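Values in this document were obtained by computation on a predicted structure and should not be read as measured data.
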Amino acid sequence: STENATPTTNNTTGTAETQTGTQTGTASETPTESQKTEDTTTQNKITVSEEEIKASTTNLASKAKQYKTSINSDIIGWLNIPGTGIDYPVTHTNNNTYYMNHNIYKQADRDGALLTDYECNFKNGLPTNTVIYGHNWNNYLAPLADNNPKDKMFDEVHKYADATFAGNHPYIYFSTTEKNYKYQVFAAFYTHVNWTDYLYCYPNATRMQNIISTAKKSSLHDFGVGVSTSDKIISLSTCTRMKGNTNQYRFVVMAKLVG
């Protein structure tokens, strides 16, 4: 698909609720009800040194490396999505819960930080499926309102539910601390938490094919992007209430590595 091509609506709207799998990690990005009603922490302001890093560095890998060195050794990369405010360092640790309620300074914060699934390993390059979680506090109940200054973390991932936005923003940029990568979006969909295949960082060929086919079948739009089991992909997962007042659904955007 081209930079400005608008994906067509996918007439197949079924979700993947019936798919099952075993995953030791959990998609713990959904806030608890107590978290929704208690907002006792405040967002830490970016320090001058961080502002300098952002202003002077356009290379995402360089930014990630500087943040890792100067702020938090758990930072393993950086995620940037054009057309949104998503331009954040990405963390990784030995569990999927700590950075759901701690920021990159390791301070308690309901916004948390972006985090990769604990089973992903970046020591020898990219996993087959780079799974990244983040909170969505502001846009889980209603369609996304543009230019909301309160949007943080994965609030704006839901922009990919809109066909025009999706068509105009086909690329996602992720880096490790060593290298920059470019991904092309091929699916945006809602899924029940019972379907866990997409949470595997190292799926075998059979599971990888199921991830691709289920994501495309469930996608809100037909992006017209071919994906094979030999591709590396990225999966952005966040909570949603667009399927009802339940914490049992996720909104997921998937893209394949193209550069």
Side-chain donor/acceptor of [X] to backbone N/O of [Y], under 3.5 Å:
| X | Y | result |
| --- | --- | --- |
| Thr238 | Gly134 | yes |
| Ser219 | Ala188 | yes |
| Lys216 | Val225 | yes |
| Thr214 | Ile211 | no |
| Asn95 | Tyr98 | yes |
| Ser213 | Asn210 | yes |
| His169 | Tyr160 | no |

Exercise for the section: Evaluate side chain to side chain contact (heavy atoms under 4.5 Å, CB included) for Ile234 paired with Tyr181, printing each intermediate quantity in order. Expected result: CA-CA 11 Å; Ile234 191 168; Tyr181 298 96; over 6 Å; no
Practice task
Report the relative orientation of the aromatic rings in His158 and Tyr190; use parallel for angles under 30°, tilted for 30 to 60°, perpendicular for over 60°.
Solution key: tilted
Quick one: [atom1] on [X] to [atom2] on [Y], what's the gap to the nearest 0.5 Å?
| X | Y | atom1 | atom2 | result |
| --- | --- | --- | --- | --- |
| Ser228 | Lys256 | OG | NZ | 7.0 Å |
| Met153 | Met100 | CE | CE | 10.0 Å |
| Asp117 | Thr130 | CG | OG1 | 10.5 Å |
| Asp162 | His221 | CG | NE2 | 6.5 Å |
| Ile75 | Thr91 | CD1 | OG1 | 7.5 Å |
| Ile86 | Leu236 | CD1 | CG | 7.5 Å |

Practice task
Report the residue from Tyr88, Tyr67, Phe174 that forms a ring-ring contact (aromatic ring centres under 6.0 Å, His included) with Trp78.
Solution key: Tyr67
Practice task
Give the C-alpha distance, both sets of side-chain angles, the deciding distance and a yes or no for salt bridge (Lys or Arg N to Asp or Glu O under 4.0 Å) between Lys63 and Asp87.
Solution key: CA-CA 11 Å; Lys63 285 201 289 189; Asp87 185 33; 3.5 Å; yes
Practice task
Might you work through the side chain to side chain contact (heavy atoms under 4.5 Å, CB included) test for Met254 and Phe189, ending with a clear yes or no?
Solution key: CA-CA 9 Å; Met254 285 188 180; Phe189 59 97; 3.9 Å; yes
Test item: side-chain donor near acceptor, [X] and [Y], under 3.5 Å:
| X | Y | answer |
| --- | --- | --- |
| Asn129 | Tyr198 | no |
| Asn101 | Asp109 | no |
| Asn103 | Asp111 | no |

Handout entry: Sub-4.5 Å side-chain heavy-atom contact between Arg250 and Val193
Key = yes
Practice task
Please tell me if the side chains of Pro170 and Val185 come closer than 4.5 Å, counting only heavy atoms from C-beta onward.
Solution key: no
Practice task
Report the C-alpha separation of Ile212 and Ile233 in whole Å, then their side-chain angles, then the decisive distance to 0.1 Å, and conclude whether the side chain to side chain contact (heavy atoms under 4.5 Å, CB included) test is met.
Solution key: CA-CA 9 Å; Ile212 296 168; Ile233 65 174; 5.5 Å; no
Exercise for the section: Return the set of residues passing salt bridge (charged side-chain N to carboxylate O under 4.0 Å, His left out) with Asp74 (not counting sequence neighbours), or none when no residue passes. Expected result: Lys106
Over all atoms of both residues, closest heavy-atom pair of [X] and [Y]:
| X | Y | result |
| --- | --- | --- |
| Phe223 | Ala166 | CE2-CB, 3.7 Å |
| His92 | Thr116 | CD2-OG1, 2.9 Å |
| Asn96 | Tyr118 | OD1-N, 2.8 Å |
| Phe186 | Ala215 | CE1-CB, 4.2 Å |
| Met208 | Asp231 | CE-O, 3.2 Å |
| Asn59 | Ala61 | OD1-N, 2.9 Å |

Exercise for the section: Could you state whether Tyr202 and Leu126 fall into the same hydrophobic cluster, counting links through intermediate Ile, Leu, Val, Met, Phe, Trp or Tyr residues with side-chain heavy atoms under 4.5 angstrom apart? Expected result: no
Exercise for the section: Evaluate the ring pair (Phe, Tyr, Trp, His ring centres under 6.0 Å) criterion for residues Tyr173 and Tyr183: first the C-alpha distance (whole Å), next the side-chain angles of each, then the deciding distance (0.1 Å), finally the verdict. Expected result: CA-CA 6 Å; Tyr173 299 89; Tyr183 292 81; 9.1 Å; no
Practice task
Give every residue pair that meets the disulfide bond (SG atoms under 2.5 Å apart) criterion with at least one member in residues 63-132, sequence neighbours excluded.
Solution key: Cys120-Cys201
Practice task
Walk me through it: do Thr191 and Tyr249 pass the test side chain to side chain contact (heavy atoms under 4.5 Å, CB included)?
Solution key: CA-CA 6 Å; Thr191 186; Tyr249 286 89; 6.0 Å; no
Problem - Under the side chain to side chain contact (heavy atoms under 4.5 Å, CB included) test, residues paired with Thr177 that sit two or more places apart - result: Ala64, Lys65, Lys68
